[in-house]
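These values consider heavy atoms only, across backbone and side chains, with no hydrogens, waters or symmetry-generated copies. Quick note on labels: first sequence line is chain A, next is B, and so on, each numbered from 1.
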Number of protein chains: 4
Amino acid sequence: MLIQLDVQSETPLYTQIMHHIMEGIATGQLKPGDPLPSVRSLAVDLGINFHTVNKAYQLLKEKGFVQIHRQKGVVIQPGGMPKNDDFYREKLQKEIRPLLAEALCRGMDQEQFLQVCQTVYQKIHDGEE
Amino acid sequence: MLIQLDVQSETPLYTQIMHHIMEGIATGQLKPGDPLPSVRSLAVDLGINFHTVNKAYQLLKEKGFVQIHRQKGVVIQPGGMPKNDDFYREKLQKEIRPLLAEALCRGMDQEQFLQVCQTVYQKIHDGEE
Amino acid sequence: MLIQLDVQSETPLYTQIMHHIMEGIATGQLKPGDPLPSVRSLAVDLGINFHTVNKAYQLLKEKGFVQIHRQKGVVIQPGGMPKNDDFYREKLQKEIRPLLAEALCRGMDQEQFLQVCQTVYQKIHDGEE
Amino acid sequence: MLIQLDVQSETPLYTQIMHHIMEGIATGQLKPGDPLPSVRSLAVDLGINFHTVNKAYQLLKEKGFVQIHRQKGVVIQPGGMPKNDDFYREKLQKEIRPLLAEALCRGMDQEQFLQVCQTVYQKIHDGEE
DNA sequence: GTGGTCTAGACCACA
DNA sequence: GTGGTCTAGACCACA
């Protein structure tokens, strides 16, 4: 698991960290029970403040993707990932909606948008930046 | 064109306004050359400050979706919307990527994700909230 | 003398009119004593409000480029154009300064900037848009 | 970097700030990666509102002359200034054109105009007001 | 401490 | 009546 941060980006650093870890889970690089680096060691590796890493881990915990143990550290949720329930799907739709709307404004049709999604799927699976 | 704002949302008000107008363009409710309400009148209608509406309009102008004329007001870009070029597609991919990654973490497969996109497409076209 | 207005432009319409008339004088198309169209007829030709044309003419008068007579209408200053004095040169320098500064930022050198000025000189003389 | 504002001027304050910073870049006083004062501290120094400074910085960002980082503040574009491309040169010509036209009306010839440009060049490099 | 968001309100230029 | 400029000030997110 190599985490690349883009300090230029509008996306907060802790969000970028979350995204990277979720991709690791999505691709199976990170499996249930796998340990994550400690807040401090990851902070050093990334050259950022440990509070920032901590925030990323706390949010992953809130979402149910990791467990945080005082002594043992942080591990990928061992028993079942959070579900893909109605509440989540509702949220996902709200996030996709403005992206799709802009694509349509720019002359994409539904088919082309789905193809972009498939391209992204490939990139995630190939671990391509 | 009815614009619904969610003051609770994390999404800035000006972004919400942008999204609504882009949906209007996407669905054809707003056509090239159509006038938008003046910054001040829309602000009154929405019960917000005119600077907030102005920021939304300025961003739409930067993106190329509207033209702003000092006296005549704001109109939907009359001559050709911004293109769906490589640069844009790159940006779109970066936006879709974390959404898809989380969906995969939660056990969705690619097919289900595409179905969510199609559902969103329907909602946009039906003008459903 | 054909006047082309760009309603999209940030430049006020009356300023654009002034610029066109000054170009006419610069190229000799408009000579001292030549009549300009009446405020109202020019406004009709350009499809704009006559107050806008009037403002352009008033400013040209203030600068000394035209004379306005109640009955006879507006004519290009018959007796000697305004001078190119220290006061004017000071103002010109202030206007050129930010243009040159930006050009330098973008990697132009002095020589290239002067060449752009010469290109513009050609365009004015060729009456090219 | 000393910034002098002219509150009397027609030129908006934020434009004046932009101009000063671009001159700083042009003369090499401000180099890629150099930090600029924070919006709030510069506002205090200049005795103006921080929104005005912020607008100047935002415009410089849009033009590609600076980068804005939410926490670290604002720095001169570290990797390569915006290019002096055809699009820019077109814009520059449009800006020079009315200045040159008026100069010609006032009896300057091309040579004299170029000399004024050279004088301005000297003033920029000497940091003269 | 940094920039971002939003409000409230004054005054101005343009047409 | 339209957008543009500028002020003053509150509260927030990020690090």
Nearest-nucleotide wise, let me know which of B:T11 and C:T15 is further upstream toward the 5' end of DNA chain E. B:T11
Nearest-Å distance for atom pair NZ/P, residues D:K55 and F:dC6: 8 Å
Roughly how many Å is it from OH in B:Y57 to C1' in F:dT2, rounded to a whole number? 12 Å
Could you state the atom-to-atom distance from NZ of D:K72 to C1' of F:dA15 in whole Å? 11 Å
Tell which nucleotide pairs with F:dC6, taking only Watson-Crick or G-U wobble pairs whose two distances are both under 3.5 angstrom. E:dG9
Would you kindly give the OH-to-P distance between A:Y14 and F:dA13, to the nearest whole Å? 9 Å
Using whole Å, what does the distance between atom P of nucleotide F:dC12 and atom CG of B:L13 come to? 15 Å
Where each residue is assigned the nucleotide of DNA chain F containing its nearest heavy atom, which of D:R70 and B:L36 is assigned the position nearer the 5′ end? B:L36
Do any side-chain nitrogens or oxygens of B:T52 fall under 4.0 Å of OP1 or OP2 in E:dT7? yes
Check: B:D6 main-chain N/O paired with B:Q16 side-chain donor or acceptor under 3.5 Å: yes
Can you list the steps and then say if A:Q67 with A:V74 is a side chain to side chain contact (heavy atoms under 4.5 Å, CB included)? CA-CA 6 Å; A:Q67 279 183 1; A:V74 182; over 6 Å; no
Would you indicate what A:I48 reaches in the nucleic acid, counting non-hydrogen atoms under 4.0 angstrom: base, sugar-phosphate, or nothing? nothing
Between CZ of D:F50 and P of F:dA10 the distance, given in whole Å, is 11 Å
Describe the nucleic acid contact of D:Q58 in one word from base, sugar-phosphate, nothing, applying a heavy-atom distance below 4.0 Å. sugar-phosphate
Might you work through the side chain to side chain contact (heavy atoms under 4.5 Å, CB included) test for C:I17 and C:I48, ending with a clear yes or no? CA-CA 11 Å; C:I17 295 171; C:I48 62 177; 3.8 Å; yes
Does F:dC14 have a Watson-Crick or wobble partner in any strand here, with both distances under 3.5 angstrom, and which is it? E:dG1
State which of E:dC6, F:dC11, F:dG4 makes the closest approach to the side chain of D:R40. F:dC11
Interatomic distance where CG belongs to A:L42 and P belongs to F:dA15 [whole Å]: 14 Å
The residue, B:H51 or C:N49, whose nearest nucleotide of DNA chain E is more 5′ is B:H51
For the pair made of CG in D:N54 and P in F:dC6, what is the distance, rounded to whole Å? 13 Å
Find the distance between CD1 (C:I21) and OH (C:Y57) and round it off to the nearest 0.5 Å. 4.5 Å
C:E102/D:K91 salt bridge by N-O under 4.0 Å criterion: yes
Please pick, from E:dC14, E:dG4, E:dT7, the nucleotide with the shortest atom-to-atom distance to any side-chain atom of C:P12. E:dC14
Closest nucleotide among F:dG3, E:dG4, F:dT7 to the B:S38 side chain: F:dG3
